[in-house]
Number of protein chains: 2
Amino acid sequence: MTNENDYILVVDDERAIRDMVCMALVQEDFQCSEASDAHKAEVLIKKNQPQLILLDWMMPGISGIDFARKLRRQPETMNIPIIMLTAKIEEDNVIRGLESGADDYLTKPFSPRELIARIKALLRRSKPENTQDIIKINNLVLDTSSYRVEGNGQTIELGPTEFKLLRFLMENPDRVFSREQVLNNVWGDNVYVEERTVDVHIRRLRKALEPTHHQDMVQTVRGAGYRLSNK
Amino acid sequence: MTNENDYILVVDDERAIRDMVCMALVQEDFQCSEASDAHKAEVLIKKNQPQLILLDWMMPGISGIDFARKLRRQPETMNIPIIMLTAKIEEDNVIRGLESGADDYLTKPFSPRELIARIKALLRRSKPENTQDIIKINNLVLDTSSYRVEGNGQTIELGPTEFKLLRFLMENPDRVFSREQVLNNVWGDNVYVEERTVDVHIRRLRKALEPTHHQDMVQTVRGAGYRLSNK
DNA sequence: AGCAACTGTAATATTTATGTAATATAACTC
DNA sequence: GAGTTATATTACATAAATATTACAGTTGCT
């Protein structure tokens, strides 16, 4: 699974910490922005709402506690999970931290591994429950929760890439995608493979669809790309 | 939805923590009882079985780990979800915690919000089991209350982890789970175990299912995870 | 204390999928 | 219809994912 869609904001006045954290996040495919103080953070949040905020406890200007409190007060930011980064844990900190509304704590120094684990745990909780969704076009049924594809009730065997490819096309039926677009959406943004590779996987997909005669739904648009359609 | 039917027991020697936690619980409409040590907790459990137990790691007398282990051994309390409250996470704690059978961890200090979120997540998971003790798929019968599994009437011997694994899969049949999801649901959240460990337990489960020829119900979905299905 | 049962990890083996290049076919241009 | 370009098809070496086994450390039990 990839974290590409989760955007995390790191707020800390120490550049070294920000860099370290961001590096760990990027390694895990998270999107990441940095802010050196609360004001800059606010601007960034307005521009693009993060899924999670890592917030330093002690900062010049507005402290992490006060900033957390402020975020909790505003409806738009109320539900963004916050992880506090503290130098050390003191009883006093704990109480004030609880009140400010942080969701988790991390005491410096912390390992990237622990940081990632906690972020994932929090994100999991803040995400809506998995929804079982079934895409159905023309007797061709793709179930994303069971990873099954059926044509006229018959099971169709697909490799991982063919499954992702079919899923992408079925989620956007009747629309033509260039090979580049297909690569970006199915393989991922930062992967480099030959454009012609798409042809091969289209071929594999068609072959797999032959037994149930759905191969013609995967259509070539010469000079433009590919399309999935029932016409 | 309301939580007034869920009764939660808080076991901790520190009064301040108990009060804080209970206050948060009551605010969410949970029923709540407090116990300052394992013995008092035991009496309360006998009187009225809680839906979930919050258990302090370090307590004078019987420690949280030992108490959890004890609860796991007795059939009546075997299936009550347990969340451990620990002062800090050390490698050693994690390992021993795993074996004691806790379902989740919470490191002090924690926010009420996170506490509630985790409790709800755990309850959601254990709900189907409360209403239905016996899950049956394809002549494979799993009885959560007696900790027994039968295939075609024949008893199947399973270790604790394999049992939990099979149970989780049977509660969500025909659905693919990544190794990460399996770990979070079977081992518990916030637990650092290699993803490949799942493979090994899947192997053990399959082996145990061989005598009754149910091993093929545990299916690999390459690039995605595992699934239990009768197809 | 000592044996049996479990667990997680690492090493190794096995299976399956992937991307590329080479070649064939089809579709356009003029 | 020859030449040109785009796509189809096939084969294959390699990479990646999973299966399997062995093992060392714990715990539970007697």
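Just so it is clear: chains get the letters A, B, ... in the order the sequence lines come, proteins before strands, and each one is counted from 1. Side-chain atoms are counted along with the backbone in the values below, which use heavy atoms only and exclude waters and symmetry mates.
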Participant: Does one side chain, of A:Asn152 or A:Thr212, offer a donor that lies under 3.5 Å from an acceptor on the other?
Facilitator: no
Participant: For a quick test of your reading: what N or O donor-acceptor pairs under 3.5 Å do the side chains of residues 215-225 of chain A make, sequence neighbours left out?
Facilitator:
{"unit_1": "A:Gln219", "atom_1": "OE1", "unit_2": "A:Arg227", "atom_2": "NE", "d": "3.0"}
{"unit_1": "A:Gln219", "atom_1": "OE1", "unit_2": "A:Arg227", "atom_2": "NH2", "d": "3.1"}
{"unit_1": "A:Gln219", "atom_1": "NE2", "unit_2": "A:Asp216", "atom_2": "O", "d": "3.4"}
{"unit_1": "A:Gln219", "atom_1": "NE2", "unit_2": "A:Lys231", "atom_2": "O", "d": "2.7"}
{"unit_1": "A:Thr220", "atom_1": "OG1", "unit_2": "A:Arg206", "atom_2": "NH2", "d": "2.7"}

Participant: Do the side-chain N and O atoms of B:Ser36 and B:Asp13 include a donor-acceptor pair separated by under 3.5 angstrom?
Facilitator: no
Participant: Using Watson-Crick pairs (N1 to N3, plus N6-O4 or O6-N4) and G-U wobble pairs, both distances under 3.5 Å, which stems of at least 3 pairs involve DNA chain D?
Facilitator: C:1-30 with D:1-30
Participant: With A:Phe163, which residues qualify under ring-ring contact (aromatic ring centres under 6.0 Å, His included), at least two apart?
Facilitator: A:Tyr147
Participant: Write down the distance between CZ (B:Arg72) and P (D:dG28), rounded to a whole number of angstrom.
Facilitator: 14 Å
Participant: Which nucleotides of nucleotides 15-21 of chain D have their base under 4.0 Å from a protein heavy atom (B), which only their sugar-phosphate (S), and which neither (-), written as one string 5' to 3'?
Facilitator: --BBSSB
Participant: Return the residues of residues 160-177 of chain A meeting this criterion: a heavy atom under 4.0 Å from some atom of DNA chain D. Order them by number, or give none.
Facilitator: none
Participant: In whole angstrom, give the distance that lies between atom CD of A:Gln215 and atom C1' of D:dT7.
Facilitator: 17 Å
Participant: Expressed as a whole number of angstroms, how long is the span from A:Asp216:CG to D:dA8:P?
Facilitator: 12 Å
Participant: Once you round it to whole Å, what is the distance between C1' of D:dC12 and CD of A:Glu194?
Facilitator: 17 Å
Participant: The criterion is side chain to side chain contact (heavy atoms under 4.5 Å, CB included); which residues satisfy it with A:Glu180, sequence neighbours excluded?
Facilitator: A:Ser178, A:Asn184, A:Glu195
Participant: Whole-Å distance between C:dT9 C1' and B:Tyr192 OH?
Facilitator: 18 Å
Participant: Quick one: A:Glu195 CD to C:dT20 P, roughly how many Å, whole number?
Facilitator: 11 Å
